[in-house]
Amino acid sequence: MFTRAKKNTRGRTAAALIALTAGLLLTTAACADAAKAEPREKEFPFSGDRLNVRTHDNPVDLVAADVEEVRVTLWFDDGASLGSSEITWELRGDTLDLNAACSGLANCDTKFRVEVPRDLTVLRNGDPTALKG
């Protein structure tokens with residue numbers, strides 16, 4: 001009898017943990033919304049004639065604008081995540097590396113906007129791309 005009661009307790013505990021985890025995932029998924037995030041901006045001096053933007057599968061709008069430097073705006077929301085987030089936005093040589101990601105029990109929503117001088121050739125992940133604007 002003792003063995004049977006112990007197995008039932010383990011089963012109930014496992015079911016409760018699964019339900020709690022599922023609830024946390026649903027709550028986290030519903031909370032992340034880049035449209036509601038405060039924008040953050042960075043400018044990068046750039047004197048080359050070709051820029052490669054590495055996006056790491058993040059949504060990135062590439063826009064030709066009347067600017068002298070490369071201007072990046074980031075909207076990032078990690079909701080009520082219990083995991084960790086990592087944001088990379090840096091220019092090395094002719095490559096602009098943009099990445100915002102979550103790990104662990106987390107969900108995040110990201111959007112980048114990159115404004116570049118109108119005469120600049122821009123690649124997205126090494127491939128030619130059209131610019132907005």
Side-chain angles (χ1 to χ4, degrees):
M1 277 179 89
F2 178 71
T3 306
R4 183 177 289 164
K6 192 172 185 180
K7 285 183 182 179
N8 286 340
T9 303
R10 280 190 210 156
R12 279 188 240 133
T13 302
L17 285 173
I18 290 169
L20 178 64
T21 302
L24 285 172
L25 286 173
L26 288 173
T27 301
T28 302
C31 293
D33 185 0
K36 295 179 182 177
E38 275 301 308
R40 299 185 233 173
E41 295 182 357
K42 275 190 181 184
E43 290 188 2
F44 300 95
F46 187 71
S47 59
D49 58 354
R50 189 175 95 165
L51 178 68
N52 182 30
V53 180
R54 292 184 57 216
T55 65
H56 300 276
D57 295 324
N58 288 286
V60 177
D61 289 335
L62 299 171
V63 180
D66 294 324
V67 296
E68 293 182 21
E69 298 182 325
V70 175
R71 183 179 302 156
V72 181
T73 305
L74 164 66
W75 294 267
F76 179 77
D77 182 14
D78 62 355
S81 72
L82 300 175
S84 62
S85 59
E86 181 180 338
I87 298 172
T88 304
W89 48 347
E90 59 189 5
L91 179 65
R92 281 192 229 135
D94 67 349
T95 301
L96 178 63
D97 192 23
L98 304 175
N99 192 18
C102 293
S103 60
L105 189 59
N107 180 26
C108 55
D109 192 26
T110 305
K111 181 180 176 185
F112 286 97
R113 176 183 169 94
V114 179
E115 296 176 61
V116 299
R118 292 191 183 278
D119 60 345
L120 189 63
T121 299
V122 178
L123 306 174
R124 182 188 302 259
N125 300 317
D127 296 322
T129 188
L131 300 176
K132 295 180 179 183

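Counting from 1, the numbers follow the sequence of the chain as shown. Computation of the quantities below employed the complete heavy-atom set of this structure, encompassing side-chain atoms and omitting hydrogens, waters and symmetry-equivalent molecules.
Of all the heavy atoms in Gly93 and Phe46, the pair that sits closest is O-CE1, 3.6 Å. Of all non-hydrogen atoms in Asn58 and Leu98, the two that sit nearest each other are ND2-O, 3.8 Å. Minimum interatomic distance between Pro45 and Leu91 (heavy atoms only, all atoms of both residues): O-CD2, 3.5 Å. When all heavy atoms are compared, the tightest approach of Ala101 to Cys108 is C-SG, 3.9 Å. Closest non-hydrogen pair, Phe76 versus Cys102, comes out as CZ-SG, 4.1 Å.
Asp94 places no side-chain N or O within donor-acceptor distance of the main-chain N or O of Asn52, the cut-off being under 3.5 Å. The closest donor-acceptor contact from the side chain of Arg124 to the backbone of Val60 lies under 3.5 Å.
Every side chain to side chain contact (heavy atoms under 4.5 Å, CB included) that Lys36 has, sequence neighbours left out, goes to Asp33.
In this structure, Trp89 CH2 and Glu41 CD are separated by 8.0 Å, a value rounded to the nearest 0.5 Å. Taking OG1 of Thr95 as the start and CD of Glu90 as the end, the distance is 10.5 Å to the nearest 0.5 Å. Rounding to the nearest 0.5 Å gives a distance of 11.5 Å between CZ of Phe112 and CG of Leu62. To the nearest 0.5 Å, atoms NE2 (His56) and OG1 (Thr88) are separated by 7.0 Å.
Within the 4.5 Å cutoff, the side chain of Arg40 has heavy atoms near those of the Ile87 side chain. Within the 4.5 Å cutoff, no side-chain heavy atoms of Leu120 are placed close to those of Leu131. Considering only heavy atoms from C-beta on, Val122 comes within 4.5 Å of Val53 through its side chain. Using a 4.5 Å heavy-atom cutoff, the side chains of Leu96 and Val72 are in contact.
Hydrophobic cluster membership is shared by Leu74 and Val116, with clusters built from Ile, Leu, Val, Met, Phe, Trp and Tyr side chains linked at under 4.5 angstrom. Val67 and Val114 are not part of a single hydrophobic cluster, where members link through side-chain heavy atoms under 4.5 Å apart.
Contact check on Glu115 versus Arg113 returns a salt bridge, with a Lys/Arg side-chain nitrogen under 4.0 Å from an Asp/Glu carboxylate oxygen.
Each salt bridge (Lys or Arg N to Asp or Glu O under 4.0 Å) pair with one or both residues in residues 47-70, not counting sequence neighbours, appears once here: Arg54-Asp97, Asp61-Lys111, Asp61-Lys132, Asp66-Arg118.
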